[in-house]
Amino acid sequence: MLVSATEMLKKAKAGHYAVGQFNINNLEWTKCILQTAQECNSPVILGVSEGAGKYMCGYKTVVGMVNGMLEELNITVPVALHLDHGSYEACLKCVDAGFSSIMFDGSHYPIEENVEKTKELVKIVAENNMSLEAEVGSIGGEEDGVVGMGECADPAECKMIADLGIDFLAAGIGNIHGKYPENWPGLRFDVLDAIQQKTGDMPLVLHGGTGIPDDMIKKAIDLGVAKINVNTECQLVFADATRGYIEAGKDQQGKGFDPRKLLAPGCEAIKAKVKEKMELFGSVGKA
Ligand code: 13P
């Protein structure tokens, strides 16, 4: 059964580790991430962006697929199905479809409007036993065609949003989605520290987990990050492994064209990457 992410992230924050949010794109991604979480006895959050939701034929299809897998694969670790960077309308759709967690990304609104919309969602989420992530300070890079500049959140605004009754808070600290440019100056730990001082026990979320050096990840966890989002890195290793298979001509040997064979190296690569991240985040054995 799907669970909200509230408990797993409270435990993570108190225990000084982080739970990974791994974005799903299709059946293979979902299966690989769930199997790895089970093998690692780790809680996990499946992230679904609006674009990925559309690609997978809508939120109801995603809920059906994930619930089916939890049962058929005997998944017993805590799993949350979470809308990633949702608009207000997408949040309502996911509540309706049976997600267990949503992120409302109101970071592009003036703070007053972000507060108003977040407040409404706090009520709706409570009525449905779900968890809610809110965002302050837009996270840079490109996601679903939207390019942000990578702001740093204002700690006072973070406190305003954190006090509304949300479950966890994403705050920009110089992180961006996708690959980091060569000249990226790194995470702003001074800003993260100031945010944690204002928001106390609130689990903080680090987006753009791809390509952040391990030592920075560890320091971010020390400063209150309890959820780390990873998407691009799984896509990169999947593409690499699939290219290797085709370049080696394996799709042309025997029944190597069978999608179950063609996609297998990519799947193994996703599993290895998810396991590596769970170990780095410290969530192994924490289910
Ligand atoms: P990356 O694609 O950079 O790993 O970021 C994922 C993310 O933050 C999803 O919200």
Side-chain angles (χ1 to χ4, degrees), residues 5 9 18-26 29-30 32-33 36 44-56 59 62 80-87 90-91 94 99 101-108 131-153 166-182 184 186-188 192 203-214 216-217 220-221 225-240 269-270 272-278 280-281 283:
L9 294 182
V19 177
Q21 172 192 306
F22 300 96
N23 285 56
I24 58 172
N25 294 286
N26 59 16
W29 247 258
T30 314
C32 294
I33 295 164
T36 309
V44 73
I45 299 169
L46 302 176
V48 179
S49 69
E50 289 194 37
K54 211 165 164 183
Y55 176 79
M56 290 185 277
Y59 302 123
V62 177
L81 179 59
H82 179 74
L83 172 68
D84 191 26
H85 291 284
S87 62
C91 285
C94 286
F99 273 52
S101 187
I102 51 175
M103 172 186 188
F104 169 57
D105 183 351
S107 61
H108 49 286
S131 45
L132 175 65
E133 174 177 346
E135 177 170 327
V136 179
S138 90
I139 290 149
E142 186 183 335
E143 198 163 60
D144 286 347
V146 181
V147 182
M149 295 305 287
E151 299 166 9
C152 275
I166 62 164
D167 298 286
F168 33 105
L169 177 73
I173 52 165
N175 43 332
I176 58 174
H177 293 118
K179 290 183 184 173
Y180 285 85
E182 289 285 316
W184 179 57
L187 295 175
R188 286 285 304 274
L192 179 57
L204 301 174
V205 183
L206 182 63
H207 281 248
T210 294
I212 298 179
D214 291 3
M216 285 194 202
I217 292 282
I221 294 173
V225 164
K227 171 175 179 277
I228 303 176
N229 293 5
V230 178
N231 183 18
T232 308
E233 220 164 312
C234 289
Q235 299 184 356
L236 291 170
V237 294
F238 178 86
D240 259 359
I270 292 176
K273 181 54 73 181
V274 170
K275 183 164 186 234
E276 175 195 312
K277 294 295 176 190
M278 286 178 166
L280 173 65
F281 300 165
S283 71

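Atoms within each ligand, like the ligands themselves, are counted from 1 in listed order. For this chain, numbers begin at 1 and follow the sequence in order. Keep in mind that the numbers below use all heavy atoms, side chains included, and drop hydrogens, waters and symmetry copies. What you see is a predicted model, and the numbers here were worked out from it, not measured in a lab.
- Contact detail for Ala170 and Met103: the closest heavy-atom pair is CB-CE, 4.1 Å.
- For ligand 1, the atoms closer than 4.0 angstrom to any heavy atom of Gly178 are 1 (P), 2 (O), 3 (O).
- For the pair Gln21 and ligand 1, the shortest N or O to N or O distance does not fall below 3.5 Å.
- The residue from Thr210, Val205, Asn175, Ile176 that puts a heavy atom closest to atom 1 (P) of ligand 1 is Thr210.
- Listed by number with element, the atoms of ligand 1 under 4.0 angstrom from any heavy atom of Val230 are 4 (O).
- Ligand 1 is approached by Gly209 to a heavy-atom distance shorter than 4.0 Å.
- A donor-acceptor contact shorter than 3.5 Å links the side chain of Tyr180 to the backbone of Gly208.
- Of the listed residues (Glu233, Lys179, His177), the one carrying the non-hydrogen atom nearest atom 7 (C) of ligand 1 is His177.
- Classification of the His207-His177 ring pair by plane angle, with boundaries at 30° and 60°, yields perpendicular.
- Between the side chain of Ser101 and the backbone N or O of His82 there is no donor-acceptor pair closer than 3.5 Å.
- Considering all non-hydrogen atoms of both residues, Phe281 and Val19 come closest at CD1-C, 4.5 Å.
- Taking every non-hydrogen atom of His85 and a distance limit under 4.0 Å, the qualifying atoms of ligand 1 come out as 10 (O).
- Note that CG of Asn229 and CG of Leu206 are 7.5 Å apart. Values are rounded to the nearest 0.5 Å.
- The backbone N or O of Gly174 sits less than 3.5 Å from a side-chain atom of Trp184, completing a donor-acceptor pair.
- The residue among Ile139, Asp84, Asn231 with a heavy atom at the shortest distance from atom 9 (C) of ligand 1 is Asp84.
- Interface atoms of ligand 1 facing Asn23, defined by a heavy-atom separation under 4.0 Å, are 9 (C).
- Checked by distance only, ligand 1 and Gly208 come closer than 3.5 Å through their nitrogen or oxygen atoms.
- Residue Thr232 approaches ligand 1 through these ligand atoms, each under 4.0 Å from one of its heavy atoms: 1 (P), 2 (O), 3 (O), 4 (O).
- Every atom of ligand 1 with a heavy atom of His207 under 4.0 Å away is listed here by number and element: 8 (O), 10 (O).
- For Glu233 (side chain) and Lys273 (main-chain N/O), no donor-acceptor pair under 3.5 Å exists by modelled atom type.
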